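In what follows, a structure is listed as structure tokens, so that the remarks can point back to it.
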Amino acid sequence: MGITLFLIPTALAAMVSAAALAWEGARRKNRGLLLCSGAMILLLAAGAAVLMEFITRPL
């Protein structure tokens with residue numbers, strides 16, 4: 001429970017940051033910002049998948 005207490009707010013803040021980057025990238029038509037936001041979202045999805053695997057694994 002301790003690690004999820006730290007990781008969930010951090011992941012939410014990173015998701016808000018990725019959404020803001022995607023918004024700016026779309027507004028400025030900047031592919032670099034869009035790629036960075038996509039990479040952040042993929043990294044967050046991979047981290048969530050790993051975390052869920054360890055949470056649901058029986059001891």
Side-chain angles (χ1 to χ4, degrees):
M1 170 103 178
I3 194 166
T4 58
L5 196 63
F6 172 73
L7 288 179
I8 289 174
T10 307
L12 288 174
M15 196 63 155
V16 168
S17 176
L21 237 103
W23 179 262
E24 280 297 313
R27 194 171 66 84
R28 294 183 183 183
K29 294 183 173 81
N30 188 344
R31 283 190 185 164
L33 290 177
L34 287 172
L35 285 174
C36 286
S37 68
M40 285 176 69
I41 290 170
L42 284 175
L43 186 63
L44 285 167
V50 168
L51 186 63
M52 290 302 151
E53 176 66 30
F54 285 116
I55 287 174
T56 58
R57 183 174 294 204
L59 294 174

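Small disclaimer: the values here were computed from a predicted structure and weren't measured.
Between atom CE of residue Met52 and atom CD1 of residue Ile55 there is a gap of 4.5 Å, rounded to the nearest 0.5 Å.
Contact between Leu33 and Gly25 at its shortest, heavy atoms only, is CB-CA, 3.7 Å. Taking each heavy atom of Ala14 and Met40 in turn, the nearest pair found is O-CE, 3.4 Å. The heavy-atom pair separating Ala18 from Ser37 by the smallest distance is O-CB, 3.3 Å. Of all heavy-atom pairs spanning Cys36 and Leu21, the tightest one is CB-CD2, 3.6 Å.
By the criterion of side-chain heavy atoms lying less than 4.5 angstrom apart, applied directly or through intervening Ile, Leu, Val, Met, Phe, Trp or Tyr residues, Leu51 is grouped together with Phe6 in one hydrophobic cluster. Under the 4.5 Å side-chain heavy-atom criterion for Ile, Leu, Val, Met, Phe, Trp and Tyr, Ile41 and Val16 are members of distinct hydrophobic clusters.
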